[in-house]
Amino acid sequence: MSRRNVVDPITRIEGHLRIEAVLDETNMVQDAYASGTMFRGIETILKGRDPRDAGLLAMRICGVCTGVHYWTSIRAVEDAFGVRVPNNARLVRNLIAGSLYLHDHPVHFYHLHALDWVDVISALKADPRKAVDVAYQFTDTPWNVSVEHF
């Protein structure tokens with residue numbers, strides 16, 4: 001007899017996700033399904049507006065990936081009008097995209113996903129001295145570690 005496990009919604013991602021897994025009697029996965037919704041209505045909001053508004057409006061749809069929404073909406077407008085940006089502008093955009101990529105990972109981990117693994121209430125009882133001791137297990141001079149204030 002198989003059974004179906006459903007996790008819905010999975011949040012803390014952009015959009016919402018539904019996962020279904022069909023398990024057999026030994027709890028082995030026999031089949032799995034994933035479905036997600038990503039509609040935010042950016043296209044609907046921008047419809048009929050001045051194309052120069054696209055970047056600033058689109059970047060406010062999401063509080064996490066503001067720069068990416070700005071960049072892609074500007075590129076869509078440029079593509080629609082056949083605009084080719086100068087090479088220096090392309091290079092600057094790529095540098096900004098790289099910095100957003102670096103910024104995005106800590107934001108997603110520490111602000112969106114970490115709460116799945118960290119017991120915040122217990123974290124308030126953590127012993128900072130023990131954390132410093134762990135840091136010293138890996139290096140003699142860990143950065144940002146100070147025991148003077150304990």
Requested in this report: Evaluate whether atom CZ of Phe109 has more than 12 neighbouring non-hydrogen atoms of other residues, nucleotides or ligands under 6.0 angstrom away.
Outcome: yes
Query raised in the report: Taking atom CZ of Arg75 as the centre, does the number of heavy atoms from other residues, nucleotides or ligands within less than 6.0 Å exceed 12?
Result: no
Working to the nearest 0.5 angstrom, can you tell me the gap between [X] [atom1] and [Y] [atom2]?
X      : Y      : atom1 : atom2 : answer
Ile19  : Asn5   : CD1   : CG    : 12.0 Å
Asp31  : Asp24  : CG    : CG    : 11.5 Å
Leu100 : Tyr70  : CG    : OH    : 12.0 Å
Arg90  : Asn87  : CZ    : CG    : 4.5 Å
Ser99  : Asp104 : OG    : CG    : 11.0 Å

Please determine whether residues [X] and [Y] belong to a single hydrophobic cluster, defined as Ile, Leu, Val, Met, Phe, Trp and Tyr linked transitively by side-chain heavy-atom distances below 4.5 Å.
X      : Y     : answer
Tyr101 : Ile96 : no
Ile42  : Met59 : no
Leu56  : Ile74 : yes

Requested in this report: For residues Ala54 and Val77, report the shortest heavy-atom separation together with the two atoms involved.
Outcome: CB-CG2, 3.8 Å
Requested in this report: For residues Asp8 and Leu17, report the shortest heavy-atom separation together with the two atoms involved.
Outcome: OD1-O, 3.8 Å
Query raised in the report: When you look at Asp50 and Arg52, which way does the salt bridge (charged side-chain N to carboxylate O under 4.0 Å, His left out) test go after all the steps?
Result: CA-CA 5 Å; Asp50 188 314; Arg52 294 171 291 190; 2.6 Å; yes
Report task. Sequence neighbours left out, what passes ring-ring contact (aromatic ring centres under 6.0 Å, His included) with Tyr110? Give chain and number order. Result -> none
Query raised in the report: Side-chain contact, heavy-atom cut-off 4.5 Å: Asn94 with Trp71?
Result: yes
**Report entry** Side chain to side chain, Val134 and Lys130, heavy atoms closer than 4.5 Å
**Finding:** no
Query raised in the report: When you measure from the side chain of Glu20 to the backbone N and O of Val6, does any donor-acceptor pair fall under 3.5 Å?
Result: no
